[in-house]
Participant: 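Structure incoming, see below.
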Amino acid sequence: MSIAETPPRPYSREWLLSDRPSSRRQARLGRAYVIWRRFSENRLALLGLLILLALLFVAAFADVLAPHNPLQGDLRNARLLPPGADGYILGTDDQGRDILSRLIHGSRLTLLVVVLVAVIAAPVGLIVGTVSGYAGGWVDAVLMRITDIFLAFPKLVLALALVAALGPGIENAILAIAVTSWPPYARIARAETMTFRNSEFISAVRLMGASPSRIVLRHVMPLCLSSLIVRVTLDMAGIILTAAGLGFLGLGAQPPLPEWGAMIASGRRFILDQWWVAAMPGFAILIVSLGFNLLGDGLRDALDPKEAGQ
Amino acid sequence: MTTALSVRDMTVVYNGFAALDRVSVDVSHGESFGIVGESGSGKSTLLRAVTGLTCFQEGSLTVDGRSYDGRKRDTSFYRTVQMVFQDPYGSLHPRQTVDRLLLEPLVIHGFDEVDRRIARALDEVGLGSGFRFRYSHQLSGGQRQRVAVARALIVEPKILLLDEPTSALDASIQAEILNLLEQARRDRHLTFIMVSHDLGVISHMCERVAVMKAGEVVETVPVEALERREFSQDYTRRLLTASEGFRRD
Amino acid sequence: MTPLLNVKNLQVSFPTRAGLVKAVRGVSFELGRERLGIVGESGSGKSQTGRAIMGLTAPQAVISADRLTFADEDLLRLSLKERRRLRGRRMAMVLQDPKYSLNPVMTIGRQIVETLQTHEDVGRSEAKARVLAMLEAVQINDPERVFTLYPHEVSGGMGQRAMIAMMLICGPELLIADEPTSALDVTVQIEVLGILDKLVAERGMGLIFISHDLRLVSTFCDRVLVMYAGRVVEELSSANLHAAKHPYTQGLLNCLPQIGEHRHPLPVLERKPEWAL
Amino acid sequence: MAISDTNATLRHGESRARRRGLAILGFLLTVATTFLGLLAVTFFIGRVVPIDPALAIVGDRAPAHVVERVRLELGLHLPLYQQFWIYLKQALSGDFGTSVLTTNPVLTDIKRVFPATIELATVGTIIGAVLGVPLGVLAAVKRGSIIDQIVRVIGLVGYSVPIFWLGLLALLLFYAKLNWVAYPGRVDIVYEYSFTPVTGFFILDAAMQRQWDVLWDLFRHIILPGSLLGYFSLAYISRMTRSFMLNELSQEYIVAARAKGLSEARIIWFHALRNAAVPLVTVIALSYAGLLEGSVLTETIFAWPGLGLYITNSLQNADMNAVLGGTVVIGSVFVGINLLSDLLYRTLDPRTRSR
Amino acid sequence: ATPADTLVQGWAFDDIITLDPAEAFEISTAEVTANTYNKLVGLDLNDTSKVVGELADSWTVSDDGLTYTFKLKPGLTFASGNPITAEDVAFSFERAVKLDKSPAFLLTQFGLTGDNVTEKAKAADESTFVLTVDKPYAPSFVLNVLTSTVASVVDKKLVMENAQPVTPSEDYKYDSDFGNAFLKTGYAGSGPFKLREWRANEVVVLERNDNYFGEKAPLARVIYRHMKESAGQRLALENGDIDVARNLEPGDIQAISDKEGLDTTSAPKGTIYYFSLNQKNENLAKPEVVEAFKYLVDYDAIGETLIKGIGTIHQTFLPAGQLGASNDTPYSLNVEKAKELLAKAGLADGFSVTMDVRNTQPVTGIAENVQQTLAQAGIKLEIIPGDGKQTLTKYRARQHDIYIGQWGSDYFDPNSNAETFTYNADNSDEGTNKTLAWRNAWDPQDLTEKTQAALLEKDSDKRAAIYEELQKEVLERGPFVIIFQQTEVAGYSDKLKNYKLGPSFDTNFLHSVSKE
Ligand SMILES: Nc1ncnc2c1ncn2[C@@H]1O[C@H](COP(=O)(O)OP(=O)(O)OP(=O)(O)O)[C@@H](O)[C@H]1O
Ligand SMILES: Nc1ncnc2c1ncn2[C@@H]1O[C@H](COP(=O)(O)OP(=O)(O)OP(=O)(O)O)[C@@H](O)[C@H]1O
Ligand SMILES: [Mg+2]
Ligand SMILES: [Mg+2]
Ligand code: NI
């Protein structure tokens with residue numbers, strides 16, 4: 001290995017890929033760059049990223065992008081128009097509202113659901129899992145019993161029951177999905193923690209005299225994080241689908257909110273003659289959750305070279 | 001000579017299986033003490049029980065005049081006793097840079113001048129500052145083991161436990177690590193307890209050696225006795241013969 | 001008599017993201033019915049040399065050689081199927097760790113029988129009889145019992161014996177042993193080597209013994225190849241080991257601590273870039 | 001060495017029986033606490049639901065005094081913990097009460113609807129496993145090839161598509177436009193009274209009674225929802241198969257098998273797959289459990305008179321007895337399948353067998 | 001395709017919770033019992049202001065208007081083969097009153113109680129049944145009530161054979177359940193069809209009653225398949241998997257009537273759709289706001305789209321066809337006027353309010369549309385969807401702001417609707433008569449008495465006049481925004497002969513339907 005005589009220009013490729021970084025930042029950026037390179041080799045993953053960036057963009061600029069008012073329709077004149085008619089690119093629904101505009105505004109709801117569920121469920125799962133895995137003993141037993149109970153519940157039924165109990169609405173749907181989606185994270189985090197728990201590098205940290213909380217927080221959690229991120233990303237699709245399923249059963253977002261699942265549900269009535277009313281939001285869901293899946297898949301390969309077999 | 005570490009009748013039981021069976025060992029200050037034995041004889045278990053990574057059920061442990069029970073060790077214990085593990089690939093956190101690895105003990109024990117200490121520790125183990133911000137996967141096995149040694153030494157312990165520190169390394173690199181350890185011991189007046197299955201390494205590094213078999217110490221002899229083949233146990237002889245290479249008869 | 005194995009200018013390289021990794025760079029040697037040792041530090045290409053001969057290199061690897069013949073077969077020309085017929089029957093390979101190289105869900109007996117039945121048309125009872133005999137030959141006391149055991153149920157030494165039995169059951173002419181004992185305890189290691197040695201001597205096989213332990217190789221083999229960075233830097237007969245010329249070989253010999261020897265500090269290897277050229 | 005070997009096994013042998021005893025005890029404890037938890041959570045959700053259970057019994061238009069009387073009959077005036085205690089006692093004696101929706105005992109209802117769900121989930125899992133495993137193996141063996149990409153995309157789309165939507169479109173195409181499959185439902189009404197269910201598994205019943213026309217009709221009904229569920233489990237199974245196979249194929253024993261001169265086919269389909277099968281069984285069992293409990297939406301779309309639909313209907317009608325009973329049944333099935341896959345794991349993996 | 005002797009109907013009947021006539025009070029159940037049981041009298045399908053005899057051959061009303069004497073037709077039998085006697089009729093009244101289930105008030109409002117019912121409703125002889133009421137009600141009222149399901153005659157012998165013993169209690173003083181458990185899913189009637197099976201949310205199966213005393217039905221079997229979705233019903237109808245689709249939505253009706261081989265039929269029903277403003281909400285309690293809401297519904301657009309074919313715009317509380325029903329539709333969408341009114345109420349900037357909406361069409365669609373038109377006047381409407389039981393629970397507890405729903409007449413007499421919309425004797429939360437007026441905390445003042453008076457008015461014309469007046473009052477100041485009256489529609493295969501819908505839910509008879 002030759003030692004570079006002249007240090008590479010900061011932020012250049014060489015600088016990032018240098019195997020003797022000279023600062024913490026360079027090391028961190030270098031690592032990120034390597035992951036990015038591995039990730040970006042995967043075309044499908046890039047496609048997924050693109051889809052999600054597009055989703056973010058659409059959500060951010062929904063007001064500008066939407067050609068019509070998503071909530072006010074023209075019942076009398078513009079009901080159930082086919083795609084393309086009268087400037088309604090994707091047609092109109094049974095209230096005479098522009099489907100495209102509703103889809104555009106609905107992206108916000110989708111993002112909201114996804115982000116909130118991730119923000120609620122993932123940390124809960126991570127904490128429960130790592131604590132339980134690291135502590136072992138009765139802490140583990142109690143936490144895992146609770147996890148088991150939630151796992152044994154039929155997911156959608158529990159979500160249904162919760163929404164029925166709390167009343168329909170997007171917030172409650174989010175809560176219900178979050179309540180049903182943390183146990184798998186806890187399981188993963190626990191399993192991973194258990195493999196690390198007896199590993200030598202954790203033993204080494206213990207030998208430094210680190211307290212259990214420090215070990216869990218600073219050493220175990222970061223390790224579980226990448227597989228958790230992958231899992232959460234992959235689960236996003238499932239979350240979107242569950243939210244849509246709740247919406248479909250009428251328990252998600254209330255009308256007139258343009259939630260995609262609820263849009264399918266209301267479009268379902270016209271599927272025979274006006275297929276687009278139900279088909280369009282379905283495509284939107286498919287594309288976005290495919291985006292998340294592609295991204296998660298790419299992340300898995302990039303973050304976990306073993307899984308990708310590289 | 002004063003006793004740095006004393007283990008009395010230590011017993012460790014895993015699910016009804018006695019990995020250590022009433023083991024007693026005394027190591028005096030400044031001594032280098034070796035432990036040999038076949039795989040599964042309980043060498044690592046002994047070290048882990050001393051450091052509190054594994055609880056021992058019976059027996060007693062005295063380090064530097066203070067006695068410890070099977071379970072708890074306080075922070076000051078870890079400033080006295082440090083350990084280097086066998087597998088250089090497994091003992092470094094895969095997501096942390098060398099810098100972060102060395103920082104951790106300093107933060108825990110509240111050292112000041114962390115930057116200087118890290119730089120000095122790296123110098124001491126023969127790794128320049130160029131290695132400071134590497135991740136462990138960017139290091140070779142020998143370099144990793146140096147980092148592990150640096151990490152153990154950075155808190156300035158008095159006793160260093162070494163669990164087969166070179167068995168995963170090539171012979172040439174083993175020599176470098178052994179030299180490094182010897183140097184450190186001399187500079188810092190450390191007490192070593194070194195586990196190995198290689199009698200050559202033990203006889204090179206240690207003054208006394210305990211031979212373990214199936215969880216028990218079968219005998220403890222000075223290294224010179226090994227060289228002169230003065231020992232009582234047949235098992236020790238078998239180990240010795242085997243370590244001399246293959247012999248066609 | 002033509003040598004059993006003739007390797008000339010063997011090259012193995014792996015295309016990776018960081019560019020082409022040349023694992024083996026022009027290795028040449030001949031092997032008769034003798035014990036040849038290959039030593040070298042980790043990553044020097046010992047295993048890749050052995051695997052290339054067996055045809056077990058990962059599919060993405062690029063292999064080339066001026067000459068690669070086994071007995072009267074030109075290995076470079078053979079089809080995959082023909083090479084497969086050679087493997088296990090005429091040339092075999094014992095891997096490092098029995099824990100990983102035996103199929104964990106098959107009994108030991110079945111795995112050995114499988115080798116036999118792949119290459120020879122033998123009935124079940126005959127196969128079993130031969131396998132039992134083979135197990136006995138590798139000094140397993142209770143072959144009937146071991147036959148029915150799963151790999152995890154036997155100790156490392158026992159597993160390695162089974163592995164040897166599996167590879168020798170068809171009576172190959174060439175055996176490549178890739179660090180066959182480095183996962184074992186020293187005392188067991190000697191026992192297993194003893195068995196291997198005896199079988200090679202009795203059956204007149206050619207043996208390539210790969211190890212990073214120069215002392216072990218020199219006591220076990222007739223001839224030693226010393227590899228460094230994918231090349232053979234020196235070829236010696238065991239007897240002349242101490243006359244090694246290459247500084248790398250000398251370094252390897254010197255840096256081992258010995259019982260009853262007092263060199264403080266130990267001499268270490270100073271790697272020279274030109275060695276790798 | 002032989003001596004130390006037997007010694008070790010002897011020592012292990014002593015504790016084995018005790019450890020097995022502990023394991024069984026632990027398992028029973030798990031089951032018990034899980035049940036208790038299930039019961040508690042469902043019960044309290046049931047009580048929080050802002051629906052007056054009395055209304056469910058007497059209907060929308062009942063006069064006030066009738067509603068009040070039913071409330072008393074149901075014990076709704078009692079404190080919550082007392083209600084739970086009563087419920088617990090009944091549930092433990094196998095009595096989940098009467099469904100107000102169907103007026104049958106909940107258990108009777110479940111016995112009727114659950115086979116439908118099992119039938120559907122079984123067909124789905126069979127389709128998923130029969131297609132998914134080979135696809136996954138193929139993808140792993142030809143990693144990076146076009147086949148791998150195709151399998152990956154098939155899998156990802158399976159993960160991404162809303163099942164109710166796909167079901168709708170499939171119905172539109174295969175029923176409305178092409179008329180290849182039968183109307184949503186389990187069996188044509190024509191046959192509803194010409195054939196007598198015995199086991200509740202209609203396909204089995206029809207085959208045993210040699211009612212081929214009924215069987216054909218059943219097939220036309222189950223094929224679409226079955227394939228749909230099959231697709232979803234295929235997505236999951238093929239993916240996991242691929243990853244397990246990749247893992248196995250990189251193991252040393254595969255190299256050893258090649259060194260023995262085995263053919264690639266035997267190495268892949270026998271050695272690697274046999275090892276991958278060990279975790280795969282769990283995956284398939286999980287996917288089966290998932291289909292059993294997660295087919296609510298499919299059952300809704302395809303009017304499949306199964307447990308998912310039953311629970312959803314009950315939930316919407318505040319029929320809490322039915323919801324609680326159904327949930328507990330699904331929960332126990334989940335626990336049961338987990339246990340079963342554990343047992344299968346043990347039999348498939350010799351390493352866990354004797355440990 | 002469906003068998004030739006079997007009629008298969010796709011129908012959403014998730015409201016059925018019991019098939020016991022003494023307990024059933026649901027719309028779907030009414031149709032099933034109507035085809036499987038007989039009552040003393042029934043509506044005259046050709047002139048709904050009249051009743052005709054079913055089991056009764058003739059009847060007389062005493063001069064004081066308190067005693068009704070019914071003479072049964074000769075040779076009547078139950079499906080079981082047992083003869084129908086006046087004893088069975090009396091028993092049917094007795095068990096309905098004593099069981100005291102949801103519909104029992106229809107009979108008890110005539111002064112029948114558990115203690116006196118055996119006296120007041122009794123068999124004078126084999127074929128004479130005498131009913132004594134407590135007040136001289138308008139006979140049209142009494143007879144109309146007797147056409148409802150609760151007055152169905154059950155087979156006393158069969159029922160009592162299946163009755164289960166009960167331990168008497170404070171609430172229920174009798175030692176028998178009068179076959180209630182049995183009849184929930186069982187059958188003991190005399191109609192042209194007998195009930196074979198009901199599986200909740202799956203299927204209702206009727207079979208021809210071969211012991212029917214009248215003309216035997218041509219169909220051997222009638223199957224109702226539970227199908228929730230209009231699109232699904234249409235699809236099945238088009239593919240020949242069902243013969244009749246009963247819950248069609250506007251678009252699908254259009255498609256079916258355009259399709260070769262399929263037909264539609266319709267009949268107005270006594271159900272009206274409305275939304276109501278809870279007077280406990282101080283904004284909604286302002287009279288100007290109430291009026292403004294009536295101007296903030298786009299009746300025309302809704303009529304042309306969302307309810308096209310399944311309803312007609314109707315703004316008064318009496319459905320067309322009932323005595324005294326008025327067809328006034330004075331309101332139409334007028335945002336300006338509404339804004340004016342709101343300004344007058346001091347709410348020029350609008351306000352926020354919630355609406356409980358059950359998850360069914362067309363209610364949801366209408367709610368969403370109203371949401372949009374309200375927004376034009378600055379009123380922010382939040383829709384709280386829920387299933388029927390949920391919204392109803394809230395409605396009955398007077399916890400809603402706005403409730404949108406429907407009201408179907410309990411029996412074919414104006415009093416049913418008048419009572420609920422205009423009667424509220426006790427507007428406190430403890431009020432026992434939970435009429436719609438009460439639920440919306442509306443005190444209709446003098447209207448309560450007028451409603452009572454109409455009940456005793458023997459002269460039909462005068463009675464009608466009272467109801468017209470009541471409707472006018474509610475139209476002006478009632479907190480009810482009534483939108484449309486339901487029209488029931490069925491799409492059917494033209495292989496069917498004589499398939500017709502009746503004027504009410506319990507008159508959708510099938511005994512004359514046949515199939516080619
Ligand atoms: N966590 C554990 N649970 C159960 N048994 C254990 C555990 N750790 C070690 N053992 C057992 O204890 C015995 C001693 O193990 P130990 O690791 O001390 O051996 P060792 O002498 O260090 O061997 P090696 O040379 O292979 O490292 C072994 O038989 C091992 O199987
Ligand atoms: N699949 C592969 N892709 C890329 N490089 C590889 C691959 N397999 C081996 N190599 C490289 O080939 C070189 C030689 O490897 P080989 O396994 O022959 O070493 P070795 O001498 O057997 O070492 P050891 O003693 O550690 O077994 C190493 O540098 C290794 O990194
Ligand atoms: Mg050890
Ligand atoms: Mg190697
Ligand atoms: Ni010395």
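Here is how names work: the chains are called A, B, and so on, in the same order as the sequence lines, proteins then strands, and each is numbered from 1. Side chains are part of it too, since the values below use all heavy atoms of this structure and drop only hydrogens, waters and symmetry mates.
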Participant: Donor-acceptor check, side chain of C:H119 to backbone of D:L262, threshold 3.5 angstrom: yes or no?
Facilitator: no
Participant: Taking C-beta and beyond as the side chain, do C:E114 and D:H271 meet within less than 4.5 Å on heavy atoms?
Facilitator: yes
Participant: Salt bridge check, C:R83 against D:E264: does any charged N sit closer than 4.0 Å to a carboxylate O?
Facilitator: no
Participant: Could you grab the distance from atom CE of C:M166 to atom NZ of D:K260, nearest 0.5 Å is fine?
Facilitator: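 One gets 4.5 Å once the value is rounded to the nearest 0.5 Å.
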Participant: Taking C:R85 for its side chain and D:G261 for its backbone only, find out whether a donor-acceptor pair lies under 3.5 Å.
Facilitator: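 A pair under 3.5 Å: no.
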Participant: At their closest point, which heavy atom of C:M167 faces which heavy atom of D:A256, and how far apart are they?
Facilitator: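 In terms of heavy atoms, the two residues are closest at CE-O, 3.6 Å.
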Participant: Is it the case that atom CG in C:L20 sees more than 12 heavy atoms from other parts of the structure closer than 6.0 Å?
Facilitator: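 Yes, CG of C:L20 has more than 12 neighbouring heavy atoms, counting only those of other groups under 6.0 Å.
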Participant: Using only non-hydrogen atoms and a strict under-4.5 angstrom cutoff, which residues of residues 98-111 of chain C touch chain D?
Facilitator: C:Y100, C:S101, C:L102, C:N103, C:P104, C:V105, C:M106, C:R110, C:Q111
Participant: Heavy atoms only, distances under 4.5 angstrom: which of D:V255, D:V278, D:N275 has the most pairs with chain C? Name it, please.
Facilitator: D:N275
Participant: With a 4.5 angstrom heavy-atom cut-off, which part of C:T115 approaches chain D: side chain, backbone, both or neither?
Facilitator: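 Interface part for C:T115: both.
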